[in-house]
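Data first, discussion second: the structure below is written as structure tokens.
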Number of protein chains: 2
Amino acid sequence: MTVAPSPGEVDTPARGGRIRRQHEVAILAAAEQVFARAGFQGATMAEIALAAGLPKSNLHYYFGTKAEVYRAVLANILRLWLAETDRINADADPREALAHYIEAKMRLTAEHPDASRVFANELLHGAPEIGDYLCNELRLLVADKAAVIEAWIAAGKMAPVDPVHLFISLWALTQTYADFETQVCAVLNRPSLESADYRRATAHVLNLVLRGCGLAPPILEGSFPCST
Amino acid sequence: MTVAPSPGEVDTPARGGRIRRQHEVAILAAAEQVFARAGFQGATMAEIALAAGLPKSNLHYYFGTKAEVYRAVLANILRLWLAETDRINADADPREALAHYIEAKMRLTAEHPDASRVFANELLHGAPEIGDYLCNELRLLVADKAAVIEAWIAAGKMAPVDPVHLFISLWALTQTYADFETQVCAVLNRPSLESADYRRATAHVLNLVLRGCGLAPPILEGSFPCST
DNA sequence: TGAAAACCTGACCATATCGTCAATTTTTTA
DNA sequence: TAAAAAATTGACGATATGGTCAGGTTTTCA
């Protein structure tokens with residue numbers, strides 16, 4: 001599958017009428033919730049329809065099959081995930097670039113936990129839908145950024161770290177707060193993760209990773225611009 | 001749910017005959033595979049029965065419902081997960097204790113990827129079955145170990161790191177290689193993860209975390225006792 | 001060895017859910 | 001405004017799957 005809607009079309013090509021676009025947005029939002037909670041098999045079209053405030057038949061008018069809805073949700077998510085690596089380039093300062101990436105990923109996780117969970121579920125079951133994307137776009141993107149990091153290491157700007165494994169680590173460290181929120185809440189003894197929890201988590205990951213890469217920890221806990 | 005089979009019984013209480021015990025083992029092994037690949041809803045009793053080499057009705061003779069099989073699989077997994085924190089105690093050396101824990105978790109992930117995936121899937125969907133375990137046994141265990149780490153930090157033996165978030169990070173860093181193996185394989189450009197890949201991953205995580213905790217990296221890539 | 005317990009299984013039922021469809025209403029547009 | 005296009009929807013069919021059960025076979029053990 002590709003991230004773009006389909007070849008030769010611009011983003012959100014206004015295919016179909018005004019009503020169509022509105023309802024598709026509502027359906028995709030509802031579907032993201034339901035897929036996140038129940039997975040692909042566990043989600044039912046009836047439940048998605050209910051969450052979207054439409055009768056089931058109407059849902060089938062917009063998306064022929066459940067798989068189609070699912071693919072559309074994944075395409076939405078990939079669009080989110082794809083960005084955020086711009087700052088990682090040869091000219092940048094390693095500490096700033098990595099910090100920015102971690103903060104961005106963490107923000108994404110905090111703001112779209114359901115998206116993260118749908119993505120995690122897809123990966124967990126072998127990525128039947130997005131396998132191609134992983135092996136092409138994502139692999140190339142990572143290879144590209146890994147070269148940048150290699151260069152930083154060669155220039156003595158940071159400690160020697162396997163760059164590809166570093167990316168794997170960054171994804172794991174950040175997305176775990178959405179994907180395994182239940183476990184995180186349990187050990188933190190919190191009913192749910194609020195923004196204060198995410199701030200602490202971000203500070204922790206920054207601290208661990210930057211120090212782990214031989215880059216002095218720039219942020220002390222509590223020094224965030226946000227109010228507490 | 002509790003990890004022990006049921007109150008008042010010893011571990012593997014030999015309930016039922018010889019045949020029962022044999023078949024239950026086969027069924028649980030088959031079920032772990034199937035649940036790992038398809039999740040709870042996606043797994044079918046017919047598929048589990050086929051993988052176990054039994055007719056479906058026979059499966060229902062041993063486990064009344066699919067949920068029962070699932071709970072038994074989870075109980076098995078929790079028994080694996082629970083150990084391995086012994087070395088983290090006040091008397092131990094932080095570097096050695098953490099390194100041992102990371103290596104143990106990584107070995108567990110490499111040797112039981114399906115178990116990790118079933119566990120991940122359960123967490124991803126809100127831990128309906130093991131929520132109690134997380135909020136009790138696991139939370140207390142982590143609180144206990146966190147106190148040890150706090151003491152190490154207070155004694156100046158390691159850099160200041162939030163201990164509970166550190167555990168969350170360690171779980172994420174290790175289990176990601178099983179849970180999201182598809183993605184890992186894609187970016188590493190490998191068809192599947194072999195033991196050499198796990199050795200590299202272990203070296204990377206050790207390097208990142210120990211340095212991140214202000215503990216000198218003890219292991220350079222390639223210095224493993226294993227061949228290759 | 002014989003009876004009781006454990007084990008086995010094909011056939012079957014109940015239910016859930018995906019997807020269809022034809023008839024109807026609403027919106028757009030010429 | 002009238003015709004065409006888009007949108008709506010309740011009822012229905014097909015299928016998959018969890019679980020039951022009665023009757024049979026094997027194993028255990030006194």
Side-chain angles (χ1 to χ4, degrees), chain A residues 9 12-74 118 121 125 128-129, chain B residues 5 9 12-74 118 121-122 125 128-129:
Chain A
E9 286 186 279
T12 325
R15 173 179 49 187
R18 179 181 50 85
I19 298 175
R20 176 169 216 105
R21 265 171 302 161
Q22 281 180 6
H23 282 187
E24 281 184 354
V25 169
I27 290 169
L28 290 178
E32 185 176 283
Q33 264 188 50
V34 176
F35 282 129
R37 187 165 42 71
F40 178 76
Q41 311 261 4
T44 70
M45 291 298 264
E47 199 180 353
I48 295 172
L50 186 73
L54 297 172
K56 184 167 75 86
S57 335
N58 202 0
L59 208 167
H60 272 104
Y61 173 72
Y62 290 105
F63 295 91
T65 67
K66 185 160 80 157
E68 240 173 88
V69 184
Y70 184 64
R71 277 191 290 270
V73 169
L74 280 178
V118 173
N121 194 66
H125 298 122
E129 299 293 342
Chain B
E9 287 186 279
T12 325
R15 173 179 48 185
R18 179 181 51 84
I19 297 174
R20 175 169 216 106
R21 265 171 302 161
Q22 282 179 5
H23 281 186
E24 281 183 354
V25 169
I27 291 168
L28 291 179
E32 187 177 281
Q33 264 187 52
V34 176
F35 282 129
R37 186 164 43 72
F40 178 76
Q41 311 261 5
T44 71
M45 291 299 264
E47 199 180 354
I48 295 172
L50 186 73
L54 297 172
K56 185 165 76 87
S57 333
N58 202 1
L59 208 168
H60 272 103
Y61 173 73
Y62 290 106
F63 295 91
T65 67
K66 184 160 83 157
E68 243 173 85
V69 184
Y70 183 64
R71 277 191 291 267
V73 169
L74 280 178
V118 173
N121 195 65
E122 165 74 5
H125 298 121
E129 299 294 341

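These numbers were taken from a predicted model, which means no experiment stands behind them.
The separation between B/N58 atom CG and D/dT27 atom P is 13 Å, rounded to whole Å. Rounding to whole angstrom units, CG of residue B/L54 and P of C/dC8 are separated by 7 Å. For the pair A/I48 CD1 and C/dG19 P, the interatomic distance rounds to 10 Å; values are reported in whole Å. Atom pair B/Q41:CD and C/dC18:C1' shows a separation of 15 Å (rounding to whole Å applied). Put simply, CZ on A/R21 is 13 Å from P on D/dA6, counting in whole angstrom units. Residue B/L50 contributes atom CG, which lies 16 Å from atom C1' of C/dT9 at whole-angstrom precision.
Side-chain N or O atoms of B/E122 include one that pairs as donor or acceptor with a backbone N or O of B/E129 at under 3.5 Å.
With values rounded to the nearest 0.5 angstrom, A/L50 atom CG is found 9.0 Å from A/T44 atom OG1.
Between B/Q41 and B/H125 the shortest side-chain heavy-atom distance does not fall below 4.5 Å. Residues B/I48 and B/L54 form no side-chain contact, since every pair of their non-hydrogen atoms from C-beta on lies 4.5 Å or further apart. Side-chain contact between B/M45 and B/V69: present, with at least one pair of heavy atoms (C-beta onward) separated by less than 4.5 Å.
The two residues A/A51 and A/V34 make their nearest non-hydrogen contact at CB-CG2, 4.4 Å. Taking each heavy atom of B/V118 and B/A36 in turn, the nearest pair found is CG2-N, 3.6 Å. Contact record, B/A26 with B/A52: O-CB, 4.1 Å, taken as the closest heavy-atom pair.
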What are the atom names and distances for every N/O pair under 3.5 Å that joins the protein to nucleotides 19-26 of chain D?
{"residue": "D/dG19", "atom": "OP2", "partner": "B/K66", "partner atom": "N", "Å": "2.7"}
{"residue": "D/dG19", "atom": "N7", "partner": "B/K56", "partner atom": "NZ", "Å": "2.8"}
{"residue": "D/dG19", "atom": "O6", "partner": "B/K56", "partner atom": "NZ", "Å": "2.8"}

Shorter than 3.5 Å, N or O on both sides, protein versus nucleotides 24-30 of chain C: list them out with atom names.
{"residue": "C/dT28", "atom": "OP1", "partner": "A/R18", "partner atom": "NE", "Å": "3.4"}
{"residue": "C/dT28", "atom": "OP1", "partner": "A/R18", "partner atom": "NH2", "Å": "3.0"}

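No contact: A/A49 has no heavy atom under 4.0 Å from any strand.
Contact annotation: B/R20 does not reach the phosphate of C/dA6 (side-chain N/O to OP1 or OP2, under 4.0 Å). Within the 4.0 Å cut-off from OP1 or OP2 of D/dT8, at least one side-chain nitrogen or oxygen of A/H23 is found. Side-chain N/O atoms of A/Y61 include one lying less than 4.0 angstrom from OP1 or OP2 on D/dA7.
Screening residues 48-74 of chain B for ring pair (Phe, Tyr, Trp, His ring centres under 6.0 Å) gives B/H23-B/Y62, B/F35-B/Y70, B/F40-B/Y70 as the qualifying pairs, with residues at least two apart or on separate chains.
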